Protein chains: 2
Amino acid sequence: MRLMSPPVGLTALADTDLVGQVARILTQAIIKGQMLPGAKVVEAGIARELGVSRAPVREAARLLEQQGLLVSHPRRGFFVRKLEATDIDEIYDLRICVECHAGVLASKNMTPANRDMLRRQIDVMHETAAIDDHARQIEEDYKFHRMICEIAGSKRLLRLFDDLASELRMTIGLIGRLYDDPHRIAQTHEALLEVLEQGHPDIITARIDYHIGAAWREVGKLVRELPSSTNGAAT
Amino acid sequence: MRLMSPPVGLTALADTDLVGQVARILTQAIIKGQMLPGAKVVEAGIARELGVSRAPVREAARLLEQQGLLVSHPRRGFFVRKLEATDIDEIYDLRICVECHAGVLASKNMTPANRDMLRRQIDVMHETAAIDDHARQIEEDYKFHRMICEIAGSKRLLRLFDDLASELRMTIGLIGRLYDDPHRIAQTHEALLEVLEQGHPDIITARIDYHIGAAWREVGKLVRELPSSTNGAAT
DNA sequence: CAAGATTAAACTGTCGACAATCGACGATTA
DNA sequence: TAATCGTCGATTGTCGACAGTTTAATCTTG
């Protein structure tokens, strides 16, 4: 008779998942700059602080390692990754490659609903530009770009974007300021949306290439101003 | 005065790493088809079979999950991923995106040494084409493409390629045969090397796009011939 | 006989413990 | 004095165990 399951599909609140929680907490700690690049991640310490055992912490650390937020020196432990200028370059280079592709795919899947979603996000960016919260502004910016990857409709593409984004977020904690006027940034996204609706692959590619390239150049400047970084790979 | 270190560089013998070993063994088992898509991965079973405890197995499984070879259903365990036609499409689509980019980068870094390395690999492919070992032929094919990513000089690009390749290798165990005459495949790589030396980005992109696209179409045909696959995501 | 309820087995998630290893600090020697 | 050696505390890698949940197997009942 099946009266057991009220058929509505709610998002499973499967948060008995310690590993995932620990991973999120660690990620946040790294992004927020509470754990600085190069810092050692002491398993027992984290475990005690979170009130769990070391096993979930280790598994979470392995996740963040694969994600590029931590590096593992066998028998020595995990360390917060130190991104060097060359890493930033690699990430932005890949980001351009990936997002150009996502843009072209997205333009093919463009529907009124999608268009509105992007449009609304740009509005949010303008609103956020008024208040003085850089972290928030950057987050809204990422959201827009993430939407493009969502619309592109490839899970792998989206995950790749998320990975790159979380690596980039690491540096934000260090830079701590934007590379341009928030309103201007929001405007460039309007232009981007426009060419997406247009639908010419070459133009989309050129536009996104320029758009992200601009951020790359600016961020690159800021990073190179920072205290020089020797890689976490000691000895 | 620095008389401390006799400077001889020995290769570090860092393989006490159980997790890595387990991960490699599981990966091989999946690629070789010993663990079929959809199969449950029983931690205790693997652990006993390998003579280790469950902890390293779990951590290895998490690695393979992030790599896309396993899927984790919380509280139910890990399962060998079932790739559907749409997954294959996603992977090839991304592969084209990534390798086109790698090709352009590689052509910029092209040196005589690199050129020779690629040339020699093509020779190996021709040699391998003579003997009847499909797995080996495919492996040599991948090696060539991997070299391009290496020459491109981006660690992230290379890792991305490796991830995609290992996902694709999963299906090979199922398909079990090549999609074309091995010699012909080797020849197409010669053409590829040629345009790489030439160095025109657009031509390189077009060439690689076509090259991988051809494989995609052929593999796609083969996959769709196989027994249909419902995703491992039950309920 | 089939569908549902009940019980038993198997498995996962998590924990605490123990040995092996690493890094630091001080002792030793030229 | 400066470099090397030895020792000690801290930390990792791995293990076995236990509780809670899922799966299967069995029993019940209409």
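Since the structure is predicted, the reported quantities are computational estimates derived from the model, not experimental observations.
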Could you tell me whether the phosphate oxygens of D/dT14, OP1 or OP2, come under 4.0 Å of any side-chain nitrogen or oxygen in B/Ser53? no
Write down the distance between CD (A/Gln21) and C1' (C/dT14), rounded to a whole number of angstrom. 13 Å
Find the distance A/Leu50:CG to C/dT14:P and express it as a whole number of Å. 13 Å
Distance-only polar pair, side chains of B/Asn114 and B/Thr111, donor-acceptor under 3.5 Å: yes
Take atom CZ of A/Arg48 and atom C1' of C/dC15, then tell me their distance rounded to the nearest Å. 16 Å
Quick one: side chain to side chain donor-acceptor pair (under 3.5 Å) partners of A/Arg54, sequence neighbours excluded? A/Glu43
Please tell me if the side chains of A/Lys143 and A/Glu150 come closer than 4.5 Å, counting only heavy atoms from C-beta onward. no
Could you write nucleotides 8-13 of chain D as a row of B, S and -, 5' to 3', where a protein heavy atom under 4.0 Å of any base atom gives B, of only sugar-phosphate atoms gives S, and otherwise -? ---SBB
Going by the angle between their ring planes, with limits at 30° and 60°, are B/His145 and B/His189 parallel, tilted or perpendicular? perpendicular
Decide, yes or no, whether a salt bridge links A/Glu218 with A/Lys221 under the criterion of side-chain N to carboxylate O below 4.0 Å. yes
Salt bridge (Lys or Arg N to Asp or Glu O under 4.0 Å) evaluation trace for B/Arg156 with A/Asp163: CA-CA 11 Å; B/Arg156 282 167 184 78; A/Asp163 284 355; over 6 Å; no
